[in-house]
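Single-structure report; data block below.
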Amino acid sequence: NVHFITFNNFQPQNDNTDLNFRVLVGGSVQTGASDYVRAFNINYSNATNSEDKDPDLDRLRLIPEIGTSTGELANGYLYMYNALDSSKYTFFNQHSTYLTKDPHYATTFGAGFYQQSNTLSGIRFYMSSGNINETEISIYGIAES
């Protein structure tokens, strides 16, 4: 019922790109214009913050404006709930820490969901432009007790 996904030492190919996330149903990536909902906060080391929320998306954005200079890496985790239950929406909580393109230290914390009742067959991480240069991604199933 619960999956825990970690990503470590994440670095994109292109500067100032976002890490995005989509689900797969029956092996097909779900890209409908209003398939996803998200809301999260971004806190920056220069004492600013912002809120990122949208009820009608074709993807979930996990980390915005990641840099590519030395040390500009991202780390974080994502909890995924109900991915294998076709009678419920799939929910996500996420937290990340990273250096932006500026570079400023930043953290994100938020949530979202895939607003279709389907059994997921997979997940896909991808960049808003370019490829993923380097990362370590792990996924764990958490058994109910």
Linked, directly or transitively: Leu78 and Ile139 (ILVMFWY side chains, under 4.5 Å): yes
Of Tyr79, Phe92, Tyr81, the residue whose pairing with Phe4 passes ring-ring contact (aromatic ring centres under 6.0 Å, His included): Tyr79
Closest non-hydrogen atom pair between Val25 and Leu120, with its separation: CG2-CD2, 3.9 Å
Expected output: side-chain Thr100 to main-chain Asp102 donor-acceptor under 3.5 Å: yes
Check against side chain to side chain contact (heavy atoms under 4.5 Å, CB included), Glu136 and Thr6: CA-CA 8 Å; Glu136 301 164 15; Thr6 63; over 6 Å; no
Heavy-atom donor-acceptor pair, Glu134 side chain to Ile132 backbone, under 3.5 Å: no
Taking every non-hydrogen atom, the tightest pair across Ser96 and Tyr98: OG-CD2, 4.1 Å
Inter-residue atom distance Asp52.CG - Arg61.CZ, 0.5 Å rounding: 4.0 Å
Polar side-chain atom of Arg38 near backbone of Leu62 as donor-acceptor pair, under 3.5 Å: no
Atom of Ile63, atom of Ala74 and distance for their closest heavy-atom approach: CD1-CB, 3.7 Å
Cluster overlap Ile66 with Phe7, hydrophobic side-chain contacts below 4.5 Å: yes
Heavy-atom closest contact (Leu60 atom, Gly112 atom, distance): CD2-CA, 4.4 Å
Side chain Asp18, main chain Glu65, donor-acceptor under 3.5 Å: yes
Nearest-0.5 Å distance, CG of residue Asn14 to OG of residue Ser128: 8.0 Å
Any donor-acceptor pair under 3.5 Å from Asp85 side chain to Ser87 backbone: yes
Asn75 side chain vs Asn9 backbone, donor-acceptor pair below 3.5 Å: yes
Distance-only polar pair, side chains of Thr97 and Tyr105, donor-acceptor under 3.5 Å: yes
Result of checking Phe21, Tyr114, Phe91 against Tyr36 for ring-ring contact (aromatic ring centres under 6.0 Å, His included): Tyr114
Test item: side-chain donor near acceptor, Ser129 and Thr17, under 3.5 Å: no
Donor-acceptor pair between Ser34 and Gln115 side chains, under 3.5 angstrom: no
Derivation of the side chain to side chain contact (heavy atoms under 4.5 Å, CB included) call for Lys88 and Phe113: CA-CA 11 Å; Lys88 297 179 181 176; Phe113 63 94; over 6 Å; no
Main-chain N/O of Asp56 paired with Asp54 side-chain donor or acceptor, under 3.5 Å: yes
Which atom of Phe40 lies closest to which atom of Ala111, heavy atoms considered: CB-N, 4.5 Å
Derivation of the side chain to side chain contact (heavy atoms under 4.5 Å, CB included) call for Asp35 and Arg22: CA-CA 9 Å; Asp35 280 352; Arg22 285 185 172 140; over 6 Å; no
Whether His104 and Tyr44 hold their rings parallel, tilted or perpendicular, with breakpoints at 30° and 60°: perpendicular
Heavy-atom closest pair, residues Gly141 and His3: CA-CD2, 4.2 Å
